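So you know, we letter chains A, B, ... as the sequences are listed, proteins then strands, and number each from 1. Predicted, not measured: the structure shown is a model, and the values here were computed from it.
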Amino acid sequence: MGLKGALTLLTSLNREVYDIILLSLYVSLTSTLIAALGAIPSGIWLGLKDFPGKKIIIRILYTFMSLPPVVVGLVVFLFISRKGPLGFLEINFTPTAMILAQICILFPIITGIVFNGTKERGEQVKLLGKTLGANRWQVLILLIHELRVNIFTAIITGYGRAVSEVGAVMIVGGNIKGHTRVMTTTIAMLQSMGQYDLAIAIGIVLLLLAFIINSILYHFQQGDS
Amino acid sequence: MGLKGALTLLTSLNREVYDIILLSLYVSLTSTLIAALGAIPSGIWLGLKDFPGKKIIIRILYTFMSLPPVVVGLVVFLFISRKGPLGFLEINFTPTAMILAQICILFPIITGIVFNGTKERGEQVKLLGKTLGANRWQVLILLIHELRVNIFTAIITGYGRAVSEVGAVMIVGGNIKGHTRVMTTTIAMLQSMGQYDLAIAIGIVLLLLAFIINSILYHFQQGDS
Amino acid sequence: MNVQIRNLSKVYGDRKVLDIDTLNIAQGTIVGIIGPNGAGKSTLIKIMAGSESPTQGDIFFDGLPPNKVTTMDMTLVFQKPYLLSTRVFHDVAYPLRLRKMKKEIIQTKVQTILEEMDLWFLRNQKTGTLSGGEIQKVSLARALVFQPKLLFLDEPTANIDPTSIFVMEKMIKKINKENKTTVIIITHNIVQAKRLCQDIVFMDQGRIVEKGSRDTIINNPQETATKNFIKGELII
Amino acid sequence: MNVQIRNLSKVYGDRKVLDIDTLNIAQGTIVGIIGPNGAGKSTLIKIMAGSESPTQGDIFFDGLPPNKVTTMDMTLVFQKPYLLSTRVFHDVAYPLRLRKMKKEIIQTKVQTILEEMDLWFLRNQKTGTLSGGEIQKVSLARALVFQPKLLFLDEPTANIDPTSIFVMEKMIKKINKENKTTVIIITHNIVQAKRLCQDIVFMDQGRIVEKGSRDTIINNPQETATKNFIKGELII
Amino acid sequence: SSNTSSEPGDQQNQGNSAPVAENKSLILATTTSTENSGLLDYILPVFKEETGIDTKVVAVGTGKALQMGMDGEADVLLVHAKADEEKFVQEGHGIERFDVMYNDFILVGPKDDPAGIKTNAPQDIIKAFELIEEKQENFVSRGDDSGTHKMELNLWAEGNMEPQGDWYLSAGKGMGDVIMMADELNGYTLADRATYLSIKDKVDLVIVTEGEGRLFNQYGVIAVNPEKNDQINQAAAQVFVDWILSAETQQLISKFGMEEYKQSLFIPNAQ
Ligand SMILES: Nc1ncnc2c1ncn2[C@@H]1O[C@H](COP(=O)(O)OP(=O)(O)OP(=O)(O)O)[C@@H](O)[C@H]1O
Ligand SMILES: Nc1ncnc2c1ncn2[C@@H]1O[C@H](COP(=O)(O)OP(=O)(O)OP(=O)(O)O)[C@@H](O)[C@H]1O
Ligand SMILES: [Mg+2]
Ligand SMILES: [Mg+2]
């Protein structure tokens, strides 16, 4: 039933449905990308460097993997709201705000997973790079290459979180039709309207897209290894 | 401001607040525990075994890491609803239902992370165990011991997801005061009532608890290594 | 335990890295396997020990295919040993714990073997911090501690210093003598093969080129390939 | 490049695993480091190569503390080599790519060295599937390919078969001769040290017990510890 | 059973079977406004004390609440979309519908009232909507099929308008959220008075239109048809219906809000 609903939905060529799907992809991919760009080096760095207070930083990092999206959404909302410190940016209820909130949620998740992968094998890779004459930047590239399976998991986990998350994007985006309505907020709305079939159909579309995205990423991860 | 609010809240000794916190802990810990019990062996097994169709199973697994909680909540709801196939269990709008929904969300996440860790080092560990005379069960224990850093990450990530998740528990639990109201549903409700301070204060309580739980788990993971 | 191999082969892609018609190893002997890098020695020993599956062929232990009882009585020391991420004592105790021995017995056995191999001072060190030679010693100790009936050793002394090599060889000879353990050892150290083994198998490119008693293979090899290989080592 | 060490020490917990007053290595020589397992040889060589930091002490290359230029000109082959998870060709090409060499030059250099070391047939094999000896060969090739001025080798032939050992030694001698590369090699193979090295350092328990020319150390050692150690190996 | 119309007296009798109902709790599906305003917290402890029945409140939109009734997931409904409720009963999903109480909808907007509604249409909601459309001032719609949303759509239709454009924001969210969004976006929105009052001091919005007949907001109670499935707690549902319609409870409802807002948030009007 659900799968058929999903297909009907996709083939209906309904402009609104496509806009929602595209916005979902845009928001979740952009936030995953930006979060990953910051979180991968951070996780690697944490995995390699020793410094006083590292233990406590790690615990805080793990704790932030539990950040409730609703709270993140709320805090971001308060920052960018009219009266908030970043109110002048006027990004409330825009996709930019949704991306911002999701970055906050994904950053600790991706960092945490990469950190753990680096802890196991990173030192060895770094030393090899250095003995062969790699500079800092080249060592980082080498680490990303050698830890790619782990980094891949981190990105997939992050993307999975981004695309399925509803609490934060609902608050900062506002689920405004035609502007900030994404798949998850639509599902939540349909659910609250008792339109279960349609909600599940969109959920299946979301999973189909996740499947495609994962397959593409998986392809990259394989590389020439 | 928020931190002070959180402390005031905790020291207020308000019975209702404590019930909400305890229920949150109960639901998220129970679902993490049950999901982990199934997911850790599954992830290890997937990491070690080769079988036809494995590639596609893995992709589906990764896809299910993106399961939107709202959809999970909805599907579980339909199953356990009075009309549903499991309606006779009469667990709709109970903590049991919330645990059930969260298990569905956590299972692929924990399995996926453990799978990736096993892929890298599991084979070697398994072979060592076997050459020293370990039976299947003992090999599993050995793998869990040797892959404990990875398994720890998986559990922390899973718990982080469980405790911060609101979409599924809201639907199957119903946020019923005194019965199924947990921290995240409270936060969402307070947020929608404009009571931001209180919402953030509960968010901080949630993070403090996550910090404590993570510290305890971390302690176990260290073990004698 | 004796070992018989029939028509064993292993293929990776389009490369046949192992191709053995027949090989019999008698109970209680120490057999050396020598041959150039990539000859398939590790592949062979891993298949015999059940750590890798052959593309084709059969192995029999005391005339029977591998079963629970025989696998409990044999072990393999890998060319790249894997130590558990714990302390030396616990790593060496692991096979005994698997066998549900009493705590006091484990304590005694582990202490005895660690002392015999001059490793007692490392008992509380984390295995991750050991030196290369120490890793090899610990992994041999872990294999010997439960007195297997069949022992596969893949270059077990490659990183061991000359003095310790004698200790290791003494231990191998001892278990062979006292426990009637059949030992199959891969080594690039021809002199070591000469000291330890009754029989030697020379492999090249996945095949057994020549097998025979120590004296035949080392002092009087029949095949040119064997001659050249042995000669290489003995030039000082 | 020459190397000078002053007051070097490394402490783990309450164990001092390295304690060296002074050690000078002359430009263009091949120096062997020998000694029992756990003597601190790998620790010393890793500290010299900048892969580990000393608890205390200084190292100078051509009179200067380590700097960008010198580190680009030296390399270390680890006792446990780490190959990149790619194919053999790419692994060996990696240091050349780091140095931003042209594609054709990389192709030529890598092909040349792989052929010289009889590894060309492995060029497309994934490094994760190599045999123990093949791993050591590839990691030596990767170190030699960019012609460093200072080469640290930690038991580079431990898993190499007798015939290939000569190829490896030939390559080491060649770079030393043609490129004036200073080579510092750890080995448990005294015969190899005798073949390769001009000077030999004998270490035990973190200290340098004796150092001197090959002939002194091998044929006429002054210290009893050295004598016993050398003697062990030479008994056949 | 759609044509079965029970007299209050019958229900009273059925209500006597309450002891059977007590060992199971009662699921009440209602709108967020009754829960978020605090009304249920105010009256339900009394219900529990008097009858011993434990009520589980699931607060959702009216559309969803009716859906839950249709699916037999709730035992009793307390909602506000009279036309839909009557249809619900007519189709046999519920036993009978009773008026319980009412409050009113209000139009709220920014303090400076850019559409000039306060001066030009303080008591004329259709005119107010026309002004908003004309000036293209931001208007946030619930857009979620709730009772409030349905009311809003009726009003646009009544004025022969089809709101669309960048100024008309369909949010698909609850009342509290939508009020907050209107505040943030300097826009107008149609709200129920109870929710607005409970959130008033957190926003800068003021009432611009109120007090006309069309803005009447009637709440009704319906016991779900027990033939839906055998888990429906019909006995307790009847007890609840009878109780909420009783004179004492009606009195209680009228007192709610007096302390905090100096006015009743819901005016009881059960017959
Ligand atoms: N998965 C694989 N794919 C392709 N070739 C493989 C694979 N695994 C092993 N080989 C090749 O099989 C050959 C035999 O390997 P093996 O490890 O048995 O050699 P060996 O005799 O033990 O060598 P060494 O003395 O170096 O340890 C090697 O050339 C190796 O590269
Ligand atoms: N982190 C550590 N903590 C404690 N002891 C350590 C640590 N790292 C190394 N050691 C010890 O330092 C000693 C010297 O190690 P090193 O690897 O330098 O020995 P080596 O001379 O290279 O020995 P081998 O011949 O076995 O390779 C060893 O006994 C080792 O156990
Ligand atoms: Mg081998
Ligand atoms: Mg060493």
Side-chain angles (χ1 to χ4, degrees), chain B residues 36 40-41 43-55 113-156 216-225, chain C residues 42 45-53 66-101 123-129 138-154:
Chain B
I40 292 171
I44 289 177
W45 184 80
L46 271 177
L48 293 176
K49 262 280 192 289
D50 265 327
F51 52 86
K54 175 168 171 178
K55 273 206 169 160
I113 297 179
V114 171
F115 160 71
N116 262 318
T118 310
K119 219 168 49 175
E120 297 216 349
R121 215 149 52 93
E123 185 67 16
Q124 213 180 356
V125 176
K126 183 186 89 176
L127 290 179
L128 176 76
K130 279 176 66 178
T131 57
L132 293 177
N135 59 30
R136 270 151 186 270
W137 183 246
Q138 289 168 324
V139 166
L140 181 66
I141 303 284
L142 183 67
L143 280 159
I144 292 174
H145 182 261
E146 292 297 304
L147 300 171
R148 61 187 178 276
V149 173
N150 170 266
I151 289 174
F152 169 74
T153 320
I155 293 179
I156 286 292
I216 295 170
L217 281 175
Y218 191 70
H219 187 76
F220 277 110
Q221 176 226 334
Q222 290 297 90
D224 61 354
S225 81
Chain C
S42 296
I45 212 170
K46 279 192 273 185
I47 292 176
M48 286 199 276
S51 281
E52 202 158 296
S53 49
N67 59 53
K68 268 196 187 162
V69 181
T70 53
T71 48
M72 279 301 278
D73 259 348
M74 60 168 104
T75 193
L76 162 62
V77 174
F78 288 89
Q79 187 166 7
K80 246 196 265 173
Y82 182 92
L83 300 184
L84 305 183
S85 54
T86 172
R87 294 172 196 280
V88 168
F89 187 96
H90 281 108
D91 182 67
V92 175
Y94 179 66
L96 303 181
R97 278 190 286 136
L98 284 182
R99 284 163 181 77
K100 308 232 160 27
M101 294 197 183
R123 65 189 174 281
N124 284 323
Q125 193 161 320
K126 287 185 187 169
T127 56
T129 64
V138 170
S139 70
L140 184 66
R142 185 177 61 187
L144 296 176
V145 74
F146 69 99
Q147 293 170 292
K149 290 268 158 224
L150 182 53
L151 183 59
F152 298 101
L153 304 171
D154 196 347

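For the pair C:M74 and C:P148, the tightest heavy-atom approach, listed with the atom from each and the gap, is CA-CB, 4.2 Å.
Side-chain atoms of B:I155 and B:I40, non-hydrogen and from C-beta on, do get closer than 4.5 Å to each other.
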Inset, instruction - Determine, stepwise, if the pair B:L128 / C:L84 fulfils side chain to side chain contact (heavy atoms under 4.5 Å, CB included). - result: CA-CA 9 Å; B:L128 176 76; C:L84 305 183; 3.6 Å; yes
Inset, instruction - Please test B:L48 against B:L143 for side chain to side chain contact (heavy atoms under 4.5 Å, CB included), starting from the C-alpha separation and ending with a verdict. - result: CA-CA 11 Å; B:L48 293 176; B:L143 280 159; 3.6 Å; yes
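Proximity to chain B is limited to the backbone of C:L83, based on heavy atoms less than 4.5 angstrom apart. Contacts of C:F152 with chain B are absent, with no heavy-atom separation under 4.5 Å from either backbone or side chain.
Comparing B:T131, B:N135, B:L127 by heavy-atom pairs within less than 4.5 Å of chain C, the highest count is held by B:T131.
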